[in-house]
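Counting starts at 1 for both ligands and their atoms, in listed order. Since the structure is predicted, the reported quantities are computational estimates derived from the model, not experimental observations.
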Amino acid sequence: MEINQLLKKGVDLIKDRPYTNPVLEATLLLSQLLNVDRIYIYTHGREKVEGAIVEKFLELMEMRKEGYPLQYIIKKKEFMGLEFYVEEGVLIPRSDTEILVEYLLDYIDKKYKDTAIKLLDLGIGSGAIALSVAYYRKNVTVYGVDIYDTPLKVANINKERFKLDNVHLFKGDLFDGIEGIEGIEEEFHIIASNPPYIPKEDIDKLQEEVKDYEPREALDGGEDGLEFYRRIIPQSKKYLTHEGLLIFEIGYDQGQELRDMLLEEGFKNIEILKDLQGLDRVVLGVYEKELKE
Ligand code: GLN
C-alpha cells in the first residue's frame with residue numbers, strides 16, 4: 001500500500017475521537033514506524049509501504065481509536081524543546097507545565113545568575129520539570145524525588161538521554177526521599193512540584209486518554225485535590241533556604257485556595273501565573289527564614 005493511502009486509513013480510524021489531531025497523530029506514528037521524519041511522509045506519498053509495517057500501523061491506530069494515548073504508543077513527548085521518553089505509568093508532560101519551567105529559567109537568571117544553587121522537585125514523573133531546568137541551567141543541581149518505580153526508571157532514562165550530570169534522583173514519599181541522604185545539605189533555593197491535584201471524584205470526568213490510561217496516582221489529589229499541597233507547604237519551610245522559592249502547578253480553580261494556604265504559612269510575594277488558556281496554572285511564593293545569628 002502507498003504512504004498516502006495508508007495515512008488516509010489511519011486518519012479515518014481516529015477522525016471521530018474528541019481532542020485529537022488525526023492527521024498529525026497518524027503522521028507521527030507512521031514516520032516513527034518507517035524511521036523517517038514527518039516531512040518525508042508528506043513528500044513521498046506514492047512510496048510503497050511493506051506489509052508488516054502496514055499491519056503494525058493499523059494495529060496501533062486501532063489502539064489509538066480506543067483512546068490509548070499516542071505518546072505511549074510512540075514512547076515520546078516533546079517538552080521544552082526536548083524529546084522525553086514516556087511510557088505507561090508516568091504522566092505525559094503537558095505543554096501547560098512549560099509555564100512553570102519558563103518562569104523558573106527566568107527566575108534563576110535574575111536571582112542566581114552564575115551562582116551554584118539547588119532545586120528539589122517533588123514527584124518527578126518523566127522528569128519534565130527537573131530535567132529541563134537541569135538541561136538549560138547548568139548552575140543548578142537538581143534533586144528529584146518520586147515514590148513510584150516507573151517514574152524513577154523513566155526519569156533516569158531521560159537523564160541519560162540528555163546527558164545530565166547535575167541531576168540526582170531518589171525514591172521516597174515527598175521530603176522523606178532526600179531526608180538523611182549523605183552529601184545533601186537539606187536546604188534548597190527552589191522547591192518545585194506538579195503534584196496530583198485533581199479532586200478524586202472529578203477524575204472520571206476527564207477525557208478517556210487521561211482517566212483510562214494515565215496513572216491515577218499522578219492525578220488523584222484526594223477529596224478536594226489539595227492533599228499534596230497541604231502536606232508540602234508546611235514541610236517545605238524546613239527545606240527552603242532564606243528567601244527560597246516554592247512553586248507549584250495547580251488546577252485551574254485552585255489559585256485562591258493556594259494563595260490563602262501560602263499566606264497562612266507565612267509565604268511572601270505570592271503570584272499566580274496563567275496558562276495558555278488564561279486559567280490559573282502556577283502558584284509561587286517566597287519564604288523568609290529568620291536569619292540565623
Ligand atoms: N494537568 C493534568 C491533567 O491534565 C493533571 C496533572 C496533575 O494532577 N498534576 O489532567
Salt-bridge present (K153, E87; N to O < 4.0 Å): yes
Table of N or O contacts for ligand 1, cutoff 3.5 Å:
| from | atom 1 | to | atom 2 | distance (Å) |
| --- | --- | --- | --- | --- |
| ligand 1 | 1 (N) | Y197 | OH | 2.9 |
| ligand 1 | 4 (O) | R94 | NE | 3.1 |
| ligand 1 | 4 (O) | R94 | NH2 | 3.3 |
| ligand 1 | 8 (O) | Y197 | N | 3.0 |
| ligand 1 | 8 (O) | A218 | O | 3.4 |
| ligand 1 | 9 (N) | N194 | OD1 | 2.8 |
| ligand 1 | 9 (N) | P195 | O | 2.7 |

Salt bridge K75-E83, side-chain N to carboxylate O under 4.0 Å: no
Cut-off 3.5 Å, no hydrogens considered: what does the side-chain donor-acceptor table look like for residues 250-271, sequence neighbours left out?
| from | atom 1 | to | atom 2 | distance (Å) |
| --- | --- | --- | --- | --- |
| Q254 | OE1 | G251 | N | 2.6 |
| Q254 | NE2 | Y197 | O | 2.9 |
| E265 | OE1 | K237 | NZ | 2.8 |

Parallel, tilted or perpendicular: rings of F170 and Y143 (30°, 60°): parallel
Aromatic ring pairing Y72/Y68, orientation class (parallel under 30°, perpendicular over 60°, tilted between): tilted
Heavy-atom side-chain contact between V140 and K118 under 4.5 Å: no
